[in-house]
Amino acid sequence: MNNPNLPLVYHPNYSFNFDPKHRFVMSKFARLFQEVKTMGLVNNNVHNPETGSPSPLELVHCEQYIWDLWRNQLDIKMMRRIGLPWSEALMARTFTAPLGTLKTAELALEHGIACHLAGGTHHAHFDFGSGFCMVNDLAFAATHLINTKKITNALIFDLDVHQGDGTAAMLKHNPYVFTCSIHCEKNFPFRKHASDLDIGLEIGLSDTHYLEVVASTLESLLLDLNPDIVFYDAGVDIWQGDSLGKLDISWLGIAKRDALVLGLCQKHGIPVATVIGGGYDKDHQRLAKRHAIVVQQAAKF
Ligand SMILES: [Zn+2]
């Protein structure tokens, strides 16, 4: 049984014409949208964020940095750290996606659950970008909701295989947002920034142990914090076949993880906004299917 009214957030500018051989699969957002459509999950439930610009992101980012980025005035070293070639289309999608995560969170507060078909750019820091991430949608959306008094506290539960260093650093002094990252310890970023809770997993960890860690961690966080919302970064680079992950999680293991996270949030009556996070694959269609898992699980609620 699927909930045909599960709110989805998407913008056509998320994917654009891009080098198909690049490690970052830019087509994955459009492919994911197609995938959830094929699953019958697209009706009148798709919400588009406005097209973005740097102004709203001034809330959490260094103004100089985001405007220099927008105008292609960052130096080569800073662009190299981001790892994506600058283009106007890249800027359009980069500054639109955080508005999408915010919209997803607002929809989650209203409906209990909502899914963004993008988001999770957790390596973006206050004044620099890194690892394909330029602006931090999670830090932005959580801070925005708190500042506008729509919520009093939030949990960012980041299960991308890579540690959420940017989110951790940007929210370090925000007592109303709790950041938790469960990731592979010996993986990018090699210099980590402390989250409120970090769990670094061993290389090659498989389903059973992984799911135990996720379940017990989330259960105790929900009890301790009783957050007004959970931002769930459902990165699929935990998969055993991912080209940048180093864990040994099966396809079914990802589905179990997502069902478990969403189920615990529901059990505690806490709204949850999902973002897709990372995933890397030479097979672009397979990657889109992998990112669709969280949406498929969410549709069961
Ligand atoms: Zn990742």
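Whatever order the structure lists them in is the order used to number ligands and atoms, beginning at 1.
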Practice problem: Could you tell me which N, O or S atom of Asp237 is nearest to the Zn ion (ligand 1)? | Solution: OD2
Practice problem: Kindly work out whether a path of hydrophobic side-chain contacts (I/L/V/M/F/W/Y, heavy atoms less than 4.5 Å apart) joins Leu138 to Leu59. | Solution: yes
Quiz item: Strictly under 2.8 Å, is any N, O or S atom of His123 next to the Zn ion (ligand 1)?
Solution: no
Self-check item: Single hit among Leu171, Asp158, Leu155 for side chain to side chain contact (heavy atoms under 4.5 Å, CB included) with Thr179
Solution: Leu171
Exercise. Have a look at Asp160 and say which of its N, O or S atoms is nearest the Zn ion (ligand 1).
Key: OD1
Quiz item: So which N/O/S atom does His162 have closest to the Zn ion (ligand 1)?
Solution: ND1
Quiz prompt | Test of ring centre spacing under 6.0 Å for His116 and Tyr14 | solution = yes
Quiz prompt | Short side-chain to backbone donor-acceptor contact, His125 and Val135, under 3.5 Å | solution = no
